[in-house]
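Per chain, numbering begins at 1; letters A, B, ... match sequence-line order.
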Amino acid sequence: MAGRKRKLPVRKGDQNANKSELAVESKQQIVDRSLTSSTTTNLCRRLGDDFFFQPCVSLAKALLGKVLVRRYDDGTELKGRVVETEAYLGGEDQASHSAGGKRTPRNAAMFMKPGTIYVYPIYGIYLCMNISSQGEGAAVLLRSLEPLGGLPVMRRLRAARRKDGAQPLKDKDLCNGPSKLCQALDIPRAFDRLDLASDSEVWLEDADTDAGDATAAVVAASRIGIESHGEWAKKLLRFYLRGNAFVSVRDKMAER
DNA sequence: ATCGGGATTGCCT
DNA sequence: GGCAATCCCGATG
């Protein structure tokens with residue numbers, strides 16, 4: 001790992017920080033202006049290496065209810081509870097970027113230590129965030145979060161690219177999708193290959209014990225957006241908390 | 001060097 | 001529910 005020193009407004013490889021946004025407002029300005037410094041670090045709750053060392057499907061389920069934290073140097077923290085994930089198994093899983101053991105510079109993080117972040121660009125304008133699991137080329141896609149902290153900052157980060165005059169986003173629309181959560185938590189492409197178990201800008205932790213539906217049932221459903229992959233598109237490798245309003249796509253059949 | 005498609009989103013009808 | 005936006009990356013020649 002090379003020494004990483006990142007400045008907020010212009011981060012190499014951060015597609016959110018290009019021309020279109022420069023004319024509007026830098027992300028540091030957004031953070032500065034909204035100023036919600038909840039400086040609690042809660043290091044004791046942080047999930048370490050051992051949590052990530054489990055098979056893909058197990059990790060996809062275990063991640064539900066955990067809290068993703070994005071911390072800025074000034075102490076600002078953006079937090080969201082994971083409510084929807086997808087398992088991408090590698091090998092036989094034709095829908096996985098690592099299908100057939102295919103390894104490229106793009107998906108290298110899928111083959112790295114469990115807990116390694118895999119961020120990839122999609123459709124030219126969005127990003128998706130995954131977490132490497134145990135298993136060759138296996139990783140879990142984060143699909144939705146329930147926003148818990150730093151909502152004003154999230155709202156600005158999410159609004160930066162939307163049509164002028166649009167209504168402020170509702171809480172449930174801040175992080176209910178894989179690319180939405182990358183925008184809301186300011187996850188840049190440069191986070192690719194970082195270690196979620198040891199990084200100072202992004203990590204996972206246990207939810208507060210008094211948090212809501214910690215015991216909600218887990219629904220297994222088919223994955224989204226991979227229709228072209230035949231039988232693998234139908235497998236029940238998407239997991240979400242039953243009845244949770246922050247899930248991106250509910251499956252009524254699966255919930256019965 | 002070129003080409004085609006994509007683990008999505010927001011706006012439109 | 002349809003569809004354009006938008007560009008990186010992998011495959012191919």
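Atom-to-atom, CG of A:N107 to P of B:dG5 comes out at 20 Å; the value is rounded to the nearest Å. Between A:H97 atom NE2 and C:dG10 atom C1' the separation is 11 Å, expressed in whole Å. In this structure, CG of A:D192 is placed 13 Å from C1' of C:dC9, rounded to the nearest angstrom. Summarising the geometry, the separation between CD1 on A:I122 and C1' on C:dG10 is reported as 15 Å, rounded to the nearest angstrom. To the nearest angstrom, P of B:dG6 lies 15 Å from CZ of A:R223. In this structure, A:F239 places its CZ atom 19 Å from P of B:dA7, rounding to the nearest Å. As rounded to whole Å, 7 Å separates atom P of B:dG6 from atom OH of A:Y123. Taking atom NZ of A:K102 as the reference point, atom C1' of C:dT12 lies 14 Å away to the nearest angstrom.
The residue A:R106 sits close only to the backbone: its heavy atoms come under 4.0 Å of sugar-phosphate atoms, none of a base. Within 4.0 Å of A:M110, counting heavy atoms only, lies at least one base atom of the nucleic acid.
In this structure, the separation between CE on A:M110 and CD on A:E136 is 11.0 Å, given to the nearest 0.5 Å. With rounding to the nearest 0.5 angstrom, the CG atom of A:L237 is 8.5 Å from the OH atom of A:Y88.
Here the nucleotide nearest the side chain of A:Y118, chosen from B:dA7, B:dG6, C:dA11, is B:dA7. Listed nucleotides B:dA7, B:dG10, C:dG10 differ in distance to A:L141; the shortest reach to its side chain belongs to B:dA7. Considering only side-chain atoms of A:I125, the nucleotide from C:dT6, B:dT9, C:dG10 that sits closest is C:dT6. The nucleotide whose nearest atom lies closest to any side-chain atom of A:R158 is, among C:dG10, B:dG10, B:dG6, B:dG10. Checking B:dG10, B:dT8, C:dG10 against every side-chain atom of A:K180, the shortest atom distance belongs to B:dG10.
For C:dC9, the OP1/OP2 oxygens have no side-chain nitrogen or oxygen of A:T104 closer than 4.0 Å. Proximity of A:R189 to the phosphate of C:dC9: a side-chain N or O atom is located under 4.0 Å from OP1 or OP2.
In terms of position on DNA chain B, the residue among A:I224 and A:D173 whose nearest nucleotide sits closer to the 5' end is A:I224.
On the C1' atoms, C:dC3 is 16 Å away from B:dG5, given to the nearest whole Å.
Counting non-hydrogen atoms of other residues, nucleotides and ligands closer than 6.0 Å to CD of A:E227 gives a total of 12 or fewer.
Using a distance-only test at 3.5 Å, with no hydrogens or angles considered, a donor-acceptor pair links the side chain of A:R158 to the main chain of A:L174.
Pairing for C:dG1 is with B:dC12, a Watson-Crick or G-U wobble pair whose two hydrogen-bonding atom distances lie under 3.5 Å. Across all strands shown, B:dA7 forms no Watson-Crick or G-U wobble pair with both key distances under 3.5 Å.
Residues A:A220 and A:A254 share a closest heavy-atom pair of O-CB, 3.5 Å.
A stacked arrangement is assigned to A:Y88 and the six-membered base ring of B:dA7, with a centre-to-centre distance below 5.5 Å and an interplanar angle below 30°. For A:Y126 and B:dT8, the ring-to-base geometry does not satisfy the stacking test (centroid distance below 5.5 Å, interplanar angle below 30°).
Side chains of A:K180 and A:N176: a donor on one and an acceptor on the other come within 3.5 Å.
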